[in-house]
There are 2 protein chains.
Amino acid sequence: MLDTRQKILDTAERLFGEQGYAATSLRQIIGEAGVNVASIHYHFGSKEELLDEVVMRKAGPVNERRLEILDRLEASGGVPGVEEVLGAFFQPMAEAAGQNRRFVAMMGRLISEGMIQGIVQKHFATVTARISAALQRALPELPPEEFMLRMHFTIGAMAHSVCGGMDWTGAGGGPADLGRRIERLVTFAAGGFRAPATATTKIEEK
Amino acid sequence: MLDTRQKILDTAERLFGEQGYAATSLRQIIGEAGVNVASIHYHFGSKEELLDEVVMRKAGPVNERRLEILDRLEASGGVPGVEEVLGAFFQPMAEAAGQNRRFVAMMGRLISEGMIQGIVQKHFATVTARISAALQRALPELPPEEFMLRMHFTIGAMAHSVCGGMDWTGAGGGPADLGRRIERLVTFAAGGFRAPATATTKIEEK
DNA sequence: GTCTATACTGAGATAGAC
DNA sequence: GTCTATCTCAGTATAGAC
């Protein structure tokens with residue numbers, strides 16, 4: 001059946017999002033999808049290649065949307081602001097979260113698990129390059145090294161808040177407002193990017 | 001030998017930091033430590049309990065140092081600023097990173113892997129409560145819900161930047177300047193915490 | 001009290017029958 | 001294309017040697 005592939009992809013997406021990649025066994029996937037053990041290896045080759053397909057099936061449209069928004073921002077003349085550029089990156093994720101929570105949660109989990117390096121380098125290259133360039137134009141005074149560091153912080157904040165992450169405060173926002181959380185992240189990250197770069201504070205003494 | 005325990009703990013700390021918790025097998029640990037398979041279960045009970053001991057052995061002093069700095073800040077009169085409170089949390093980590101990179105890298109990895117929830121709730125409760133309270137005093141205008149969200153972002157940024165994380169820009173700072181990266185995180189997070197809370201920007205149209 | 005040998009279950013992967 | 005059987009290696013449990 002052609003359904004087999006789809007059933008595997010759908011089930012894997014759900015389980016990876018709920019439990020993470022490492023914690024989800026192929027046997028659980030095939031069990032809930034109602035297919036045979038070997039069919040995953042027949043259709044995808046390995047657990048990691050299955051992950052690759054699961055990610056790509058949904059990430060493609062999100063990345064296209066990101067480029068679209070960036071195009072529009074840059075076409076409208078002038079240099080897009082920090083919030084606008086960050087929004088071009090995160091807003092499509094928030095929209096995707098509205099339609100399909102599971103996928104966004106899965107992406108956050110996977111980034112946290114470090115299971116995505118290869119996939120990202122393969123398919124996200126265009127988007128990340130465009131976003132980085134636009135952000136640096138919006139923040140011309142920020143040294144490139146500091147810029148990259150802050151980009152790193154931002155991705156970490158996203159990955160951690162989008163998946164369950166550790167419930168630091170014991171109260172953290174419920175799963176319902178995932179899209180809203182991503183919007184708030186834009187505000188937070190923009191504030192972080194605007195912080196003065198040179199102030200390497202000595203905190204020790206008051 | 002009493003050495004067995006120590007050898008297991010040291011080897012586990014190193015391997016968990018280098019490869020992550022899930023990717024490190026007990027058989028690899030016992031192999032490199034030169035002890036028997038069952039000795040881990042004899043001394044620790046399970047892989048997860050071994051992790052718990054590895055973390056606690058080093059996190060205890062770091063947490064004490066955090067409370068010490070907080071005490072000093074609050075004793076010196078006046079309300080400590082955002083950078084000072086964040087510094088009280090992150091500076092001891094940076095110091096620990098200077099003495100023992102592996103431990104800090106391991107903590108970041110574990111938070112990212114979501115392997116630490118239980119451990120944190122057990123042993124970090126005092127520190128997290130104190131830090132949260134101090135930060136909210138420094139930011140009286142920030143709604144508690146927004147505050148918690150931003151705390152979440154900050155932890156994510158830390159976890160992601162402290163371990164290898166995903167190399168977003170293709171250049172990200174090398175492992176050598178771990179302590180410095182943590183210092184920069186204070187600046188970034190402080191900027192994020194100070195961002196206006198209400199501005200839920202609509203990014204869509206310009 | 002410590003450590004060793006060994007066995008059990010379940011994981012991902014593969015070869016080959018149908 | 002699909003399924004069965006099987007391989008290797010993981011984490012875990014236990015019986016017993018020193």
Side-chain angles (χ1 to χ4, degrees), chain A residues 1-57 106 109-119 122, chain B residues 1-57 106 109-119 122:
Chain A
M1 284 200 257
L2 263 172
D3 278 345
T4 306
R5 251 187 95 88
Q6 289 302 319
K7 275 193 286 193
I8 293 172
L9 284 171
D10 291 339
T11 310
E13 180 182 316
R14 179 168 55 79
L15 293 176
F16 287 160
E18 285 168 11
Q19 313 173 339
Y21 172 80
T24 302
S25 73
L26 293 182
R27 284 172 163 85
Q28 187 183 7
I29 296 172
I30 60 106
E32 301 199 14
V35 301
N36 185 270
V37 210
S39 52
I40 286 183
H41 288 91
Y42 174 73
H43 285 290
F44 303 97
S46 73
K47 190 183 181 184
E48 208 160 336
E49 286 170 282
L50 167 62
L51 171 66
D52 196 297
E53 286 230 33
V54 167
V55 171
M56 278 307 100
R57 186 172 62 143
M106 188 193 67
R109 268 201 169 278
L110 292 175
I111 294 175
S112 291
E113 283 185 289
M115 273 316 302
I116 267 200
Q117 260 109 329
I119 296 174
K122 262 192 295 181
Chain B
M1 283 199 257
L2 263 173
D3 278 345
T4 305
R5 249 187 97 88
Q6 289 303 318
K7 276 193 286 192
I8 293 172
L9 284 170
D10 290 340
T11 311
E13 180 183 316
R14 180 167 56 79
L15 293 176
F16 287 159
E18 285 168 9
Q19 311 174 338
Y21 173 80
T24 302
S25 73
L26 294 182
R27 283 172 161 87
Q28 188 183 5
I29 296 172
I30 58 106
E32 300 200 13
V35 300
N36 186 272
V37 211
S39 52
I40 286 183
H41 287 90
Y42 174 71
H43 285 288
F44 304 97
S46 73
K47 190 182 181 184
E48 208 160 337
E49 286 170 282
L50 167 62
L51 172 66
D52 195 298
E53 286 230 33
V54 168
V55 170
M56 278 309 101
R57 186 174 60 144
M106 188 193 68
R109 269 203 168 275
L110 292 175
I111 294 175
S112 290
E113 282 186 289
M115 274 317 300
I116 267 200
Q117 261 108 328
I119 296 174
K122 260 191 297 179

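Proteins get letters first, then strands, A, B, ... in listed order; numbering begins at 1 in each.
With C:dA11, C:dC3, D:dG1 as the candidates, the nucleotide lying closest to the side chain of A:Tyr42 is D:dG1. Closest to the side chain of A:Ala38, out of C:dT14, D:dT2, C:dG12, is C:dT14. Checking C:dA13, D:dT12, D:dT2 against the side-chain heavy atoms of A:His41 singles out C:dA13 as nearest. When the nucleotides D:dG11, C:dC3, C:dT4 are ranked by their closest atom to the side chain of B:Leu26, D:dG11 comes out on top.
As rounded to whole Å, 12 Å separates atom P of D:dA10 from atom CD1 of B:Ile40. Rounded to an integer number of Å, the gap from NZ of B:Lys47 to C1' of D:dA10 is 8 Å. Rounded to whole Å, the distance from NE2 on A:His43 to P on D:dG1 is 8 Å. For the pair A:Ile30 CD1 and C:dA11 C1', the interatomic distance rounds to 12 Å; values are reported in whole Å. Rounded to an integer number of Å, the gap from CD of A:Gln19 to P of C:dA11 is 11 Å. Distance, B:Asn36 CG to C:dT2 C1': 11 Å, rounded to whole Å. Rounded to whole angstrom, the span from the CZ atom of B:Phe16 across to the C1' atom of D:dG11 amounts to 12 Å. One atom, CZ of A:Phe44, and another, P of D:dT2, lie 11 Å apart when rounded to the nearest Å.
Judged purely by atom type and a 3.5 angstrom limit, B:Thr11 has no side-chain atom pairing as donor or acceptor with the backbone of B:Glu32.
In terms of heavy-atom proximity, A:Val54 sits nearest to A:Ala12 at CG2-CB, 3.9 Å. Among all heavy-atom pairs drawn from B:Glu53 and B:Phe44, the shortest one is OE2-CD2, 3.9 Å. Taking all atoms of both residues into account, the shortest heavy-atom contact from A:Leu26 to A:Lys47 is CD2-CG, 3.6 Å.
No side-chain N or O of B:Gln28 forms a donor-acceptor pair with one of B:Ser25 less than 3.5 Å apart.
For D:dT2, the OP1/OP2 oxygens have no side-chain nitrogen or oxygen of A:Ser39 closer than 4.0 Å. Within the 4.0 Å cut-off from OP1 or OP2 of C:dC3, at least one side-chain nitrogen or oxygen of B:Thr4 is found.
Counting atom types as modelled, A:Arg27 pairs a side-chain N or O with a base atom of C:dG12 as donor and acceptor under 3.5 Å.
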